[in-house]
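Notes to accompany the following structure.
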2 protein chains.
Amino acid sequence: MRPNADPPRPTDAELEILTVLWSRGPSTVREVHEGIARRKPAQYTTVLKLLQIMAEKGLVQRDERQRAHVYRASRPREWTQQQLAGDLLRRAFGGSAAGLVLGALSARPASPEELAEIRRMLDEYEKGGEKC
Amino acid sequence: MRPNADPPRPTDAELEILTVLWSRGPSTVREVHEGIARRKPAQYTTVLKLLQIMAEKGLVQRDERQRAHVYRASRPREWTQQQLAGDLLRRAFGGSAAGLVLGALSARPASPEELAEIRRMLDEYEKGGEKC
DNA sequence: AGATTACTACGAAGGCGTTCGTGAGTCAAG
DNA sequence: CTTGACTCACGAACGCCTTCGTAGTAATCT
């Protein structure tokens with residue numbers, strides 16, 4: 001409907017579907033359903049309905065050229081992750097990125113390798129983000 | 001109702017109320033309402049109803065000894081932040097803490113001071129968290 | 001052609017979150 | 001005692017999320 005407007009924040013069920021689309025690439029309803037059903041039992045028509053609603057919202061785009069419509073996420077994974085992280089940052093952490101990092105680490109203890117990866121990422125981010 | 005069970009994840013409106021309670025300490029409905037109304041117009045009874053529901057869920061505890069009941073958050077801010085961060089980490093980032101950190105930094109660019117604070121926090125966390 | 005399968009569209013139900021109006025009770029002042 | 005201010009309790013409304021059943025249409029098979 002509004003092709004250029006930002007899609008709204010995905011809900012829980014929508015995020016699960018987007019995860020499948022991001023990892024599989026453009027997929028039919030059946031393929032998404034198979035990807036979902038591994039973890040959570042769901043009827044085929046439930047996934048179909050979700051995808052239809054998500055298409056209305058602009059979260060996914062639909063290619064109707066084949067009989068089995070092909071859906072693809074309209075935003076890349078990183079973009080959506082950024083939206084969600086920013087949203088939580090604002091709502092629950094008062095904008096404190098340090099607070100969010102601490103919260104994440106406390107919630108799911110990170111291995112030394114992962115800590116090293118975070119540090120590496122901080123370095124890279126500090127170099128790249130010289131826009132002020 | 002279930003005093004020792006973990007309260008569920010707070011919703012958006014509930015989180016706003018909790019934020020007031022965390023910063024003000026135990027408060028009456030009127031005080032919470034004044035704290036909320038600064039940013040978002042809301043009727044007194046809306047805040048009252050929210051607090052009643054939150055008490056049922058166990059998100060807040062109510063002291064009825066005064067005529068104006070006094071509510072307090074049943075979990076500290078850090079605990080709830082940890083829940084929320086862990087939840088997002090699992091749902092949207094596949095458990096990758098590095099991904100979450102990158103998402104947060106991309107969403108709201110951090111100042112060099114904040115980056116330094118994050119690094120300091122990582123060091124401290126690495127020292128303190130020596131529990132396999 | 002007729003039957004079976006695969007797919008989309010649609011409507012409806014149930015639950016939850018949010019908002020607010022109304023009623024009833026309590027307390028203090030006139 | 002009556003009035004007015006303040007408080008809690010409750011129900012209702014509305015919209016959104018999620019789930020699923022049913023119906024209709026297109027392709028395929030015998």
Side-chain angles (χ1 to χ4, degrees), chain A residues 1-2 7-21 26-72 80 84 87-88 91-92, chain B residues 1 7-21 26-72 80 83-84 87-88 91-92:
Chain A
M1 286 294 167
R2 302 177 307 169
R9 173 160 58 109
T11 65
D12 286 12
E14 288 168 351
L15 189 54
E16 286 212 55
I17 287 186
L18 284 176
T19 300
V20 174
L21 288 180
S27 310
T28 64
V29 178
R30 183 146 305 275
E31 291 165 337
V32 173
H33 177 238
E34 284 167 2
I36 290 277
R38 301 194 192 292
R39 319 160 119 270
K40 161 183 288 187
Q43 292 302 107
Y44 177 87
T45 56
T46 300
V47 177
L48 170 64
K49 181 74 165 183
L50 253 314
L51 279 167
Q52 287 171 345
I53 293 175
M54 291 168 75
E56 280 179 15
K57 292 184 183 176
L59 285 167
V60 299
Q61 284 179 350
R62 175 165 59 177
D63 179 353
E64 309 184 356
R65 281 174 304 186
Q66 308 296 329
R67 185 161 101 87
H69 299 172
V70 175
Y71 292 85
R72 66 177 184 84
T80 303
L84 292 169
D87 183 66
L88 185 65
R91 287 207 339 272
Chain B
M1 289 296 167
R9 172 160 60 105
T11 65
D12 286 11
E14 289 167 351
L15 189 54
E16 286 212 55
I17 287 186
L18 285 176
T19 300
V20 175
L21 289 180
S27 310
T28 64
V29 178
R30 183 146 305 274
E31 290 164 337
V32 173
H33 177 237
E34 284 166 1
I36 290 277
R38 302 194 191 292
R39 317 160 120 271
K40 160 184 289 187
Q43 292 301 108
Y44 175 87
T45 56
T46 301
V47 176
L48 171 64
K49 181 74 165 183
L50 253 316
L51 280 166
Q52 286 170 346
I53 294 175
M54 292 169 75
E56 279 180 16
K57 292 184 183 176
L59 284 167
V60 299
Q61 284 178 350
R62 177 165 58 178
D63 179 352
E64 309 183 356
R65 281 174 303 185
Q66 309 295 331
R67 187 163 100 88
H69 299 173
V70 174
Y71 292 85
R72 66 179 185 81
T80 302
Q83 297 295 116
L84 292 169
D87 183 66
L88 185 65
R91 287 205 342 269

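Chain identifiers are assigned alphabetically (A, B, ...) following the order of the sequence lines, protein sequences preceding nucleic acid strands; residue numbering begins at 1 within each chain.
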Side chains of T28(B) and V32(B) in contact at under 4.5 Å (non-hydrogen atoms):
no
From the list dT18(D), dG21(D), dC20(C), which nucleotide is the closest neighbour of the side chain of T11(A)?
dT18(D)
Consider the side chain of R67(B), meaning its heavy atoms from C-beta on, and name the nucleotide among dT7(D), dT18(D), dA12(D) that approaches it most closely.
dT7(D)
Whole angstrom value for the distance that separates P of dC10(D) from CG of L51(B):
15 Å
Does the pair E14(A)/R9(A) count as a salt bridge with the N-to-O cut at 4.0 Å?
no
Given dC20(C), dT18(D), dA9(D), the nucleotide with the shortest approach to the side chain of Q43(B):
dC20(C)
From the options dT18(D), dA9(C), dT19(C), select the nucleotide whose nearest atom is closest to the side chain of L50(B).
dT19(C)
Return the 5'-most residue of the pair A42(A), E64(B) with respect to DNA chain D, ranking by each residue's nearest nucleotide.
E64(B)
Given dT18(D), dC8(D), dA12(D), which nucleotide is nearest the side-chain atoms of H69(B)?
dC8(D)
Output the rounded distance in Å from CD (E34(A)) to P (dA6(C)).
12 Å
Would you call V60(A) and L18(A) a side-chain contact if the rule is heavy atoms closer than 4.5 Å?
yes
R39(A)/E16(A) ion pair, N-O < 4.0 Å
no
It should be established whether K57(B) places a side-chain nitrogen or oxygen under 4.0 Å from OP1 or OP2 of nucleotide dG17(C).
yes
Picking from dT18(D), dT18(C), dT8(C), the nucleotide nearest the side-chain atoms of D12(A) would be dT18(D)
Taking CD1 from I53(A) and P from dT19(D), how many angstroms apart are they, rounded to a whole number?
11 Å
Distance check needed: dT18(D) P versus L59(A) CG, whole Å only.
11 Å
Please state how far atom CE in M54(A) lies from atom C1' in dC16(D), giving the value in whole angstrom units.
15 Å
Would you say that L59(A) contacts T80(A) through its side chain, given a criterion of any heavy-atom pair below 4.5 Å between the two side chains?
no
Looking only at side-chain atoms of R30(B), point me to the closest of dT19(D), dC10(D), dT7(D).
dT7(D)
Examine dA9(C): is either OP1 or OP2 under 4.0 Å from a nitrogen or oxygen in the side chain of Q52(A)? Give yes or no.
yes
In whole angstrom, what separates R9(B)'s CZ from dC16(C)'s P?
14 Å
Check whether any side-chain N or O of K49(A) sits under 4.0 Å from OP1 or OP2 of dC7(C), and answer yes or no.
no
Between Y44(A) and dT8(C), does any side-chain N or O lie under 4.0 Å from OP1 or OP2?
yes
Between CD of Q66(B) and P of dC6(D) the distance, given in whole Å, is 18 Å
Between dC20(C) and T46(B), is there an OP1 or OP2 to side-chain N/O distance shorter than 4.0 Å?
yes
Salt bridge flag under 4.0 Å for residues D12(A) and R91(B):
yes
Separation of dT7(D) P from H33(B) NE2 (nearest whole Å):
11 Å
